[in-house]
> 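I'd like to ask you about the structure that follows.
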Amino acid sequence: MTPQQLDAFIRRHEPGSQIGPDRVARLTRSVMERLEQEPDRGPWTHLLAFDLGALAPRMAASVAVGLALGIMVALAGSGAPAQGTAELVMAATPLSPIGL
Amino acid sequence: MDDDHDLLAKAGRGDREAFAVLMDRHAGFALALATRVLGNPDDADDIVQEAFLRVWRKAPDWRGDGTARFTTWLYRVVLNLCTDRRRRPPMLRMDDIDEPADPAPHGLDRLTEAAARRLVAEALASLPSRQREVLALCHLGEVGNREAAQVLGITVPAVESLLARARRGLRGFLIERGFTTSRDIL
């Protein structure tokens with residue numbers, strides 16, 4: 001069998017050659033029906049769909065830890081009363097026995 | 001006519017009509033690719049549906065910088081899903097059930113046609129997965145060697161080598177089964 005004959009034989013009988021436009025149209029309709037169940041999206045909604053799982057596992061873990069620490073710091077700081085510059089300087093100046 | 005990148009950008013903003021056009025354009029080859037790799041049309045339908053749903057979901061994140069082709073991404077998704085599917089136990093295909101002899105005129109011809117299709121499907125299935133993927137992409141000239149290399153993440157010479165080995169493997173498989181140059185099938 002020459003390579004040309006082999007190619008001709010495969011071309012004629014390979015499974016992909018049996019696909020007709022009806023099958024493609026049916027598949028397209030099925031996908032479009034399934035899209036109806038997908039949430040609508042505006043130009044910005046994909047920002048909310050940030051998928052941690054799509055990242056590499058180690059990177060996802062780092063992002064998760066970073067987020068948790070950030071939230072903890074934000075919560076811890078939010079209850080503290082606002083301080084002026086003078087108060088902050090006094091608080092930072094070490095007291096000495098002479099000063100006392 | 002919009003190119004793939006424009007259609008994908010519109011799909012990313014929720015335009016279903018643009019997505020339908022994109023799908024019409026590429027579903028045929030995606031189906032052929034999955035069918036060649038899996039050898040089962042029902043599985044191939046499922047895979048291609050899933051691939052296009054993933055395209056829809058990921059479309060907002062698509063960054064078309066002019067260098068990456070949409071089809072490269074699509075074919076890679078299809079082949080990855082095929083790889084996952086092949087790890088599952090296979091279902092019995094309708095084509096695997098022997099057809100009874102048809103006494104009607106041309107019945108023998110139909111049986112011969114079915115046997116030839118089965119033979120080619122078996123020959124494809126006998127190839128190592130990488131060779132089968134390259135053949136499914138490139139054999140009929142739908143995808144160039146360079147894009148196939150990008151889809152598979154290998155070099156162009158590696159694609160050429162896999163393609164040559166796949167063709168030799170197919171020829172060997174067919175010759176082993178006594179298939180030479182029988183004119184009734186060719």
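Residue numbers begin at 1 in each chain, while the letters A, B, ... track the order of the sequences. Because only heavy atoms are used, hydrogens play no part in the values below, and waters and symmetry mates are left out as well, while side chains stay in. Everything numeric in this text was worked out from a predicted model, so none of it was measured.
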> I want to check something: taking the side chain as every heavy atom from C-beta on, are B/Leu119 and A/His13 in contact at a cut-off of under 4.5 Å?
no

> Examine whether an atom of B/Leu124 lies under 4.5 Å from a heavy atom of chain A, and if so say whether it belongs to the side chain, the backbone or both; otherwise answer neither.
side chain

> Between A/Glu36 and chain B, with a heavy-atom cut-off of 4.5 Å, which part of the residue counts as in contact: side chain, backbone, both or neither?
both

> Below 4.5 Å, heavy atoms only, C-beta onward: do A/Arg12 and B/Val120 meet side chain to side chain?
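Not touching, per the 4.5 Å side-chain cut-off.
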
> So A/Val24 and B/Met23, side chain to side chain contact (heavy atoms under 4.5 Å, CB included) or not? Walk me through it.
CA-CA 9 Å; A/Val24 175; B/Met23 205 164 29; over 6 Å; no

> Atom OG in A/Ser17, atom CZ in B/Arg117: separation rounded to 0.5 Å?
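So the gap between those two atoms works out to 8.0 Å.
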
> Kindly write out the residues that satisfy side-chain hydrogen bond (donor to acceptor under 3.5 Å, both in side chains) with B/Arg132, not counting sequence neighbours, or none if the list is empty.
none

> List the steps, then state whether side chain to side chain contact (heavy atoms under 4.5 Å, CB included) holds for B/Phe29 with A/Ile19.
CA-CA 9 Å; B/Phe29 182 68; A/Ile19 295 165; over 6 Å; no

> Give, as side chain, backbone, both or neither, the part of A/Leu35 having an atom under 4.5 angstrom from any heavy atom of chain B.
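For A/Leu35, heavy atoms of backbone and side chain both lie under 4.5 Å from chain B.
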
> Which residue, A/Arg23, A/Gln18, A/Glu14, forms the side-chain contact (heavy atoms from CB on, under 4.5 Å) with B/Thr35?
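Single pass found, and it is A/Arg23.
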
> CG/B/Leu170 to CD1/A/Ile10 distance, rounded to the nearest 0.5 angstrom?
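One finds 4.0 Å between CG of B/Leu170 and CD1 of A/Ile10.
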
> Is there side-chain contact between B/Glu50 and A/Arg34, with at least one heavy-atom pair below 4.5 Å?
yes

> How about A/Glu38: does its CD atom have over 12 heavy atoms from other parts shown lying under 6.0 Å from it?
yes

> Is B/Phe19 close to A/Val31 at the side-chain level, that is, under 4.5 Å between some pair of heavy atoms?
yes

> Apply the hydrophobic cluster definition, ILVMFWY joined by side-chain contacts under 4.5 Å directly or through others, and give me every member besides A/Val65.
A/Leu69

